[in-house]
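Positions are given from 1 along the sequence.
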Amino acid sequence: MNRQLLVLTLVSLLSAGCVSTTTDSKANPGDREESPHDAAAYNAQLAIAYLKQGNLAAAQEKIDRALSQDSQNAKVRTTAGLIYDRLGDDKKAEGYLSSAVRLAPDDPDVLNNYGVYLCRNGKAKEGSRQFLKAAGNPLYRTPEIAYNNAGLCMKKVGMTAEAQQYFERALAIKPKFADALMQLADLNFEQGKMNEAQALVQRYLGGLPATPQILWLGVRVERALGNRAAADAYAKRLKTEYPKTEQTKALLESERQSG
């Protein structure tokens, strides 16, 4: 699965982890006192920063140090799982992510990240269970993300009824959730439900900035409905606003074939 699965929650994972320092005004900068927990959180934050920069060697070094400082910290272990996933070490990635869930079985960020990993690695039903557990936590601030991820997971394995249900639940929480609108519109298009897909494309563009993905979908939906003027309008916007995207290339190819 592509990385649409929203999105390994790197920033929120360790946002509460602060580095404690001495308050003694005479202390030297090098005399900072840290508990193992705080030191591990700090190194995990550095690991995330390096991961986002694409510096995998530095990310691995920092997360291994964090694990040596506080091996029972669920969010540190989750971060380790994400880094080893990027490094291609599936055994370590799943080991760290699953053990994080055992340590923090009700933490929605931990659950969501494990669900992302499972879904990307062919375990859609198990991944969706993690997402739904995360979404059901009343303290989770973004349950729509977990529902959308569950929808993507089900869509990947062809369970369209379940996928639609989860996308709709995401939109019930956040009606202008761009990815859920896009995914639900695309799902209806794939099922031949063109009127429903058309309504969702129009809903998206009525309240959200256009993207090449939604404009290209609009072209294909309107073509399928025989609405040439509407299809041409979407096509013109796509070529004008996003001339170098994959979607525009696909549009131009489709025009060459039909011409």
Side-chain angles (χ1 to χ4, degrees), residues 1-8 51-54 56 85-86 88 116-124 127-128 144-145 147-171 174-259:
M1 177 176 287
N2 62 28
R3 291 183 182 264
Q4 282 176 312
L5 280 172
L6 292 174
V7 156
L8 301 178
L51 180 63
K52 292 168 80 173
Q53 294 168 10
L56 298 182
D85 180 35
R86 190 75 64 85
V116 169
Y117 175 83
L118 291 168
C119 283
R120 283 213 317 264
N121 287 276
K123 300 178 181 178
S128 291
E144 69 276 8
I145 289 177
Y147 281 126
N148 192 63
N149 281 347
L152 285 163
C153 221
M154 293 294 96
K155 184 180 177 185
K156 178 186 178 184
V157 295
M159 299 182 69
T160 56
E162 291 83 354
Q164 179 164 337
Q165 176 188 354
Y166 296 141
F167 292 139
E168 289 174 348
R169 290 176 77 173
L171 290 168
K174 187 177 180 180
K176 291 186 178 181
F177 187 2
D179 196 63
L181 280 169
M182 175 68 205
Q183 293 300 329
L184 186 56
D186 185 66
L187 183 66
N188 278 287
F189 174 75
E190 290 179 355
Q191 294 179 288
K193 299 177 181 178
M194 296 305 164
N195 290 323
E196 292 87 342
Q198 180 192 53
L200 286 160
V201 170
Q202 291 172 351
R203 176 178 164 185
Y204 186 114
L205 292 171
L208 292 163
T211 66
Q213 292 83 2
I214 198 69
L215 291 172
W216 175 226
L217 180 59
V219 171
R220 290 175 289 155
V221 168
E222 296 299 344
R223 284 177 176 175
L225 289 168
N227 299 330
R228 182 169 181 174
D232 288 347
Y234 284 134
K236 182 178 179 180
R237 285 191 66 183
L238 181 56
K239 287 184 278 191
T240 301
E241 297 174 27
Y242 302 99
K244 296 182 179 180
T245 62
E246 293 181 7
Q247 291 76 19
T248 300
K249 291 177 183 177
L251 169 64
L252 295 172
E253 180 62 26
S254 71
E255 290 176 343
R256 281 191 292 269
Q257 291 177 356
S258 63

request  = Locate the shortest heavy-atom distance separating A210 from E241; write the atom from each residue and the value.
outcome  = CB-OE1, 4.2 Å

note = Tightest non-hydrogen contact, residues F189 and V221, listed as CD1-CG2, 3.7 Å

query = Does K156 reach the main-chain N or O of A124 with its side chain, forming a donor-acceptor pair under 3.5 Å?
reply = no

key: Separation between OG1 of T245 and CD of Q213, rounded to the nearest 0.5 Å   = 7.5 Å

Side chain to side chain, K244 and T248, heavy atoms closer than 4.5 Å = no

Which pairs of donor and acceptor atoms, one on a side chain in residues 250-259, lie under 3.5 Å apart (sequence neighbours left out)?
residue, atom, partner, partner atom, Å
E253, OE1, R256, NE, 3.3
E253, OE1, R256, NH2, 2.8
E253, OE2, Q257, NE2, 3.1
S254, OG, R223, NH1, 3.0
S254, OG, R223, NH2, 3.2
S254, OG, L251, O, 2.6
E255, OE1, K239, NZ, 3.3
E255, OE2, K239, NZ, 3.2
S258, OG, S254, O, 3.2
S258, OG, E255, O, 3.2

ask   = Does any N or O in the side chain of Y204 come within less than 3.5 Å of the main-chain N or O of T211, such that one atom is a donor and the other an acceptor?
value = no

request  = Could you walk me through whether N121 and K123 pass side-chain contact (heavy atoms from CB on, under 4.5 Å), step by step?
outcome  = CA-CA 6 Å; N121 287 276; K123 300 178 181 178; 5.6 Å; no

ask   = Within a strict 4.5 Å, meaning less than it, do heavy atoms of the Y234 and E222 side chains meet?
value = yes

Validation row: L205, L215 side chains within 4.5 angstrom (heavy atoms) = yes

ask   = Rounded to the nearest 0.5 Å, what separation is found between the CE atom of M194 and the CG atom of N188?
value = 9.0 Å

Test item: N227 and Q198 side chains (from C-beta on) under 4.5 Å apart, heavy atoms = yes

ask   = With a 4.5 Å heavy-atom cut-off, do K155 and D186 have their side chains touching?
value = yes

query = Under a 4.5 Å cut-off applied to non-hydrogen side-chain atoms, are M182 and L217 in contact?
reply = yes

request  = Might you work through the side-chain contact (heavy atoms from CB on, under 4.5 Å) test for Q247 and Y242, ending with a clear yes or no?
outcome  = CA-CA 8 Å; Q247 291 76 19; Y242 302 99; over 6 Å; no

Validation row: Y147, E144 side chains within 4.5 angstrom (heavy atoms) = no

task = Report the distance from atom CD of E168 to atom CG of L187, rounding to the nearest 0.5 Å.
result = 9.5 Å

query = About how many Å separate OG1 of T160 and CD of E162, when rounded to the nearest 0.5 Å?
reply = 7.5 Å

note = CG of L152 to CZ of F167, rounded to nearest 0.5 Å, is 4.5 Å

message = Has R203 got a side-chain atom pairing as donor or acceptor with P175's backbone, closer than 3.5 angstrom?
response = yes

message = What's the separation between atom CD in Q183 and atom CG in N148, rounded to the nearest 0.5 Å?
response = 6.5 Å

key: 4.5 Å side-chain heavy-atom contact, K193 and Q164   = yes

ask   = Which atoms form the tightest heavy-atom contact between C153 and S128, and what is the distance?
value = CB-OG, 3.4 Å

ask   = For atom CD of E246, is the number of surrounding heavy atoms from other residues, nucleotides or ligands below 6.0 Å larger than 12?
value = no

query = Counting N and O atoms only, with roles assigned by atom type, does the side chain of R237 sit under 3.5 Å from a partner on the main chain of A233, one being a donor and the other an acceptor?
reply = no

